[in-house]
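See structure below.
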Amino acid sequence: MNTRAVPTVPDRRTVESAVALACRAPSLHNSQPWRWVMGTALRLYSDPDRLLPATDGFGRQMVISCGAALNHLEYAFTANHWRLVIERLPHSSDRQLLSTINFIPAPAPTDFVARMAVAIGRRRTERLPMDPPPAWADTLEQLVRITAGTGVELEDLGQRSRPALEEASRRMTGLRHDDPTYQAELRWWSGRGLFPDGVPEQARPSDRQQHSVHLSREFPPGRASTPDGGPSEDRAAILLLSTSADSRLDWLRSGEVLSAVLLACTDRGLGTCPVTHLTERAVTRTLLRELSSGEGMPQVLIRVGAGTGVGEPSTTPRRPLSEVLVRERPAPGHLPGE
Ligand SMILES: Cc1cc2nc3c(=O)[nH]c(=O)nc-3n(C[C@H](O)[C@H](O)[C@H](O)COP(=O)(O)O)c2cc1C
């Protein structure tokens with residue numbers, strides 16, 4: 001007897017709520033560069049209209065952002081009793097197609113998956129200074145376990161690397177001051193309060209605090225500031241994600257791992273911030289490579305720490321589902337799963 005599970009399709013509400021959770025994923029400047037199409041399978045596409053050419057000319061971070069959404073989606077569906085069968089970069093004439101996702105009914109999720117799905121609603125990017133993460137050795141052990149076998153290397157760069165990283169960050173910020181195209185793009189994606197994308201004022205450090213985290217991308221000043229008694233100097237742990245090559249599959253996988261790491265830290269009550277400006281120019285990417293003990297291609301740095309506002313939900317908006325999720329008409333003779 002054939003006992004293989006038969007793929008089927010979840011009902012409309014399940015798909016919509018899982019995709020809505022997936023769209024809570026982090027993305028470069030909150031560009032949300034994804035499109036979902038639901039037909040007999042669910043398909044994830046990158047959206048080239050949301051590429052940031054001056055910051056991310058090759059679309060590397062666009063694909064990383066989509067990878068983060070894919071991992072969010074997986075936790076959201078698995079917590080809802082569906083196992084995903086994901087084909088990454090399926091053969092297609094459409095270069096934007098990143099994944100085809102099929103579904104198999106599954107038993108109750110593990111406690112870990114259920115907690116990751118809950119963490120989606122609590123994760124946010126913390127740009128203010130953070131204290132060192134408590135119980136770090138234990139957290140690091142869990143993060144290494146989560147990344148094992150993914151093709152993405154996770155390394156704790158340690159505080160010894162901080163002076164070199166902060167110096168590189170200062171140089172990069174200086175270079176970018178002289179780049180009007182980059183600055184125009186950054187302004188466009190900052191503080192456009194009228195639209196549900198970009199990095200809003202309340203998520204950007206105030207003028208006073210802009211320079212208290214030396215290892216960070218400089219944004220136009222906003223309204224976020226550490227309350228009295230909060231950390232004034234950043235002592236967050238610094239993680240590096242790298243891959244052996246620099247292919248689109250490496251980027252997609254990096255995004256998936258980035259998401260899993262951020263959610264696991266959130267679940268432990270830690271604050272997180274992806275940091276990528278140092279990966280955007282060859283000179284600083286090479287420096288990251290030199291600071292790392294491995295040989296891989298640096299994809300994303302992540303600050304992880306403890307802070308006063310950690311655990312509060314993100315105030316950074318998302319686009320409505322109707323803009324990012326399309327339902328295909330079922331082919332004649334096909335019975336939709338609802
Ligand atoms: C590929 C990628 C690169 C990012 N780079 C940075 C960065 O350099 N600096 C930063 O403060 N946030 C960075 N972020 C975080 C986004 O700005 C953030 O996810 C987005 O604004 C949505 O806000 P939220 O994470 O609070 O939901 C990055 C996120 C991704 C996925």
Side-chain angles (χ1 to χ4, degrees), residues 20-34 46 50-52 55-56 58-72 119-130 152 165 168-169 172-173 176 182 185-186 189-192 195-205 209-210 213-222 224 234 236 238 240-241 250-263 265-266 271-281 284-285 288 298-304 307 309-319:
L21 279 178
C23 295
R24 292 305 313 168
S27 60
L28 177 65
H29 294 6
N30 197 29
S31 50
Q32 305 164 60
W34 40 67
S46 51
R50 294 184 158 258
L51 176 77
L52 279 69
T55 311
D56 182 37
F58 296 108
R60 182 178 61 87
Q61 296 185 68
M62 178 173 75
V63 175
I64 292 178
S65 303
C66 290
L70 181 61
N71 179 260
H72 270 49
I120 292 176
R122 290 177 34 226
R123 185 209 59 81
R124 72 185 173 90
T125 298
E126 177 54 83
R127 298 188 177 85
L128 295 172
M130 291 187 275
V152 181
L165 289 170
S169 183
M172 189 67 169
T173 304
R176 248 77 196 264
Y182 172 87
E185 190 169 88
L186 186 68
W189 288 101
S190 302
R192 297 184 307 141
F195 301 96
D197 46 22
V199 183
E201 263 199 321
Q202 62 272 19
R204 305 195 310 262
Q209 295 231 276
Q210 179 78 255
V213 181
H214 302 296
L215 173 56
S216 64
R217 186 192 296 275
E218 189 179 55
F219 284 95
D234 187 48
I238 307 164
L240 174 66
L241 299 184
D250 291 309
W251 303 343
L252 192 67
R253 289 280 199 189
S254 296
E256 293 181 67
V257 169
L258 170 66
S259 157
V261 166
L262 299 179
L263 294 176
C265 291
T266 304
T272 55
C273 183
V275 177
T276 48
H277 62 310
L278 294 179
T279 65
E280 290 161 8
R281 290 268 178 101
T284 43
R285 214 174 180 198
L288 291 179
Q299 300 292 353
V300 183
L301 286 166
I302 312 171
R303 291 170 49 240
V304 182
V310 166
E312 289 164 19
S314 174
T315 50
T316 301
R318 294 298 190 271
R319 293 194 289 158

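Order of appearance sets the numbers: ligands from 1, and atoms from 1 within every ligand.
Short contacts between ligand 1 and N30, defined as distances under 4.0 Å to a heavy atom of the residue, involve ligand atoms 20 (C), 21 (O), 22 (C). Residue contact check: R127 has heavy atoms under 4.0 Å from atoms 10 (C), 11 (O), 12 (N), 15 (C), 16 (C), 17 (O), 18 (C), 21 (O) of ligand 1. Shown in contact with H29 at under 4.0 Å from a heavy atom are these atoms of ligand 1, numbered in order with element: 17 (O). For ligand 1, the atoms closer than 4.0 angstrom to any heavy atom of R124 are 26 (O). Ligand-side atoms of ligand 1 in range of S65: 1 (C), 31 (C), range being under 4.0 angstrom from any heavy atom.
Contacts of T316 with ligand 1, taken as heavy-atom pairs under 4.0 Å, involve the side chain alone. Residue C273 touches ligand 1 through its side chain alone, judged by heavy-atom distances below 4.0 Å. Contacts with ligand 1 closer than 4.0 Å are made by side-chain heavy atoms of V199 only, the backbone lying farther away.
Judged purely by atom type and a 3.5 angstrom limit, S27 uses its side chain to pair as donor or acceptor with the backbone of Q32. Counting only distance, with no hydrogens or angles, the side chain of R123 and the backbone of S259 share no donor-acceptor pair below 3.5 Å. Distance alone, capped at 3.5 Å, places no donor-acceptor pair between the N71 side chain and the L258 backbone. Side-chain atoms of R122 come within 3.5 Å of backbone atoms of T266 as a donor-acceptor pair (strictly under, hydrogens ignored). At distances below 3.5 Å, not a single donor-acceptor pair connects side-chain atoms of S254 with backbone N or O atoms of I64. Checked by atom type and distance alone, the side chain of Q61 never pairs as donor or acceptor with a backbone atom of T276 at under 3.5 Å. At distances below 3.5 Å, not a single donor-acceptor pair connects side-chain atoms of R127 with backbone N or O atoms of P205.
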query = Yes or no on side-chain hydrogen bond (donor to acceptor under 3.5 Å, both in side chains) for T279 and R60, after CA distance, side-chain angles and deciding distance?
reply = CA-CA 10 Å; T279 65; R60 182 178 61 87; 2.6 Å; yes

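Among the atoms of R217, some N or O lies under 3.5 angstrom from an N or O of ligand 1. Residue T125 places at least one N or O, backbone or side chain, under 3.5 Å from an N or O of ligand 1. Between R318 and ligand 1, at least one pair of N/O atoms sits closer than 3.5 Å.
Donor-acceptor pairing under 3.5 Å is lacking for the side chains of T173 and E218.
Atom 16 (C) of ligand 1 has its closest protein heavy atom at S27 O, 3.1 Å. For atom 5 (N) of ligand 1, the nearest protein heavy atom (residue, atom name, distance) is T276 OG1, 2.7 Å. From the protein, the heavy atom lying nearest to atom 9 (N) of ligand 1 is P274 O, 3.4 Å.
Comparing Q61, M62, R204 by heavy-atom distance to atom 3 (C) of ligand 1, the nearest is Q61.
Among L28, D197, N30, the single residue meeting the side-chain contact (heavy atoms from CB on, under 4.5 Å) criterion with W189 is D197.
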